[in-house]
Amino acid sequence: MSAVAAITGAVSIGIAAAALTSFTRARLAEPLHPRVVSVGVLAVLGMVFGALAGLRLDTWPEALAYAVVALASTLLVATDLAAHEIPHRIMWPSVLALIVSLALAAGIEQSWGRFGGALLTGLVIAVVYFVIAWFGKGQFGVGDVSLSLLYGIFLGWLGLPYALVGAFGAFLVHVPVSIGLLVARRAGRKAELPFGPSLIVACWLAAFFGPALVVALIGR
């Protein structure tokens, strides 16, 4: 199923992301790097995230939820890189679509406890991120908090180890990215670097390797 799902995901999300180029551009007020939000870039990102979603897919009832997360990842990586912005008109419909699609999967699989756990996990992670944002002197903003809710729900559906690795691994992913930009002189020490892509990358890494990383860290 993985190969078929990966190909299907890559093609469908790539086409969907490319078709939403104009919509995505319209959500940005003043993009710093408008070329990032182009048909070609969105299509490539969509194919990558679509393929990842297909490879990680466990059961077909979950396919819609994975597609939602893959498409949201594509659009939000692009907008955050282009304008340091997580547009609410992309973010909140994605959260709603994910909740509805997971509810459908839970209904089919009769896994309502798992669904409730996913919602609770997402809420807790979002609260933690909100507290960090409140006291973190602008390290990341409200958009990143809402993004943590989306991926907290997604990873919470997979299980608590996945969610913990994704939520806190984002900070570890962000450090080398920031250092790399500083070394490459693409950003000054006081430059504001988008946190969203680091969170998204960390969450997809957690979706594949979460439990293994937890085992490696605790030495069992």
Side-chain angles (χ1 to χ4, degrees), residues 6-56 66-95 97-98 129 133 138-151 154 166 169-207:
I7 294 172
T8 303
V11 173
S12 59
I13 302 301
I15 292 174
L20 289 171
T21 300
S22 297
F23 169 83
T24 306
R25 283 177 178 170
R27 307 285 77 79
L28 302 177
E30 297 180 0
L32 302 173
H33 308 288
R35 292 184 180 180
V36 175
V37 188
S38 65
V39 174
V41 171
L42 290 180
V44 171
L45 287 174
M47 292 178 67
V48 170
F49 285 115
L52 289 175
L55 288 172
R56 184 59 184 82
Y66 279 75
V68 168
V69 176
L71 183 57
S73 299
T74 302
L75 302 183
L76 296 174
V77 161
T79 59
D80 212 9
L81 289 175
H84 296 185
E85 184 178 350
I86 305 292
H88 295 309
R89 292 182 65 182
I90 296 176
M91 182 71 254
W92 292 113
S94 298
V95 171
L98 177 60
Y129 264 65
Q139 294 301 311
F140 52 82
V142 175
D144 298 313
V145 175
S146 61
L147 192 63
S148 73
L149 175 63
L150 175 72
Y151 287 94
F154 172 56
F171 298 96
L172 299 178
V173 171
H174 194 58
V175 170
V177 171
S178 301
I179 294 175
L181 289 173
L182 289 172
V183 171
R185 297 182 180 180
R186 295 295 181 88
R189 293 182 179 180
K190 296 183 178 180
E192 293 184 3
L193 302 175
F195 186 79
S198 298
L199 175 57
I200 293 171
V201 169
C203 286
W204 278 105
L205 288 173

Closest heavy-atom contact between [X] and [Y]?
X      : Y      : value
Ala43  : Ala18  : CB-CB, 4.1 Å
Ala78  : Leu45  : CB-CD1, 4.3 Å
Ser198 : Ala170 : CB-O, 3.8 Å
Ala72  : Leu150 : CB-CD2, 4.0 Å
Val145 : Ala133 : CG2-CB, 4.0 Å
Thr74  : Ala17  : CG2-CB, 3.7 Å

Would the distance check show the side chain of [X] and the main-chain N or O of [Y] forming a donor-acceptor pair, the cut-off being under 3.5 Å?
X     : Y     : result
Arg89 : Arg27 : no
Thr79 : Glu85 : yes
Ser38 : Pro34 : no

Return the [atom1] to [atom2] distance between [X] and [Y], rounded to the nearest 0.5 Å.
X      : Y      : atom1 : atom2 : result
Leu42  : Met47  : CG    : CE    : 13.0 Å
Phe49  : Ile13  : CZ    : CD1   : 11.0 Å
Ile86  : Asp80  : CD1   : CG    : 4.0 Å
Phe195 : His174 : CZ    : NE2   : 6.0 Å
Trp92  : Leu149 : CH2   : CG    : 5.5 Å

Just so I know, are the side chains of [X] and [Y] near enough to count as touching, which here means a heavy-atom distance under 4.5 Å?
X      : Y      : value
Ser73  : Trp204 : yes
Ile90  : Thr24  : yes
Leu147 : Met91  : yes
Leu55  : Tyr66  : no
Leu76  : Pro87  : yes

Step by step, work out the side-chain contact (heavy atoms from CB on, under 4.5 Å) result for Leu199 and Ser148. CA-CA 8 Å; Leu199 175 57; Ser148 73; 4.3 Å; yes
With sequence neighbours excluded, tell me which residues meet ring-ring contact (aromatic ring centres under 6.0 Å, His included) with Tyr151.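 Expected list: none.
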Any idea how Phe171 and Tyr129 line up, ring-wise: parallel (<30°), tilted (30 to 60°), or perpendicular (>60°)?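 Tilted, since the angle between the ring planes falls between 30° and 60°.
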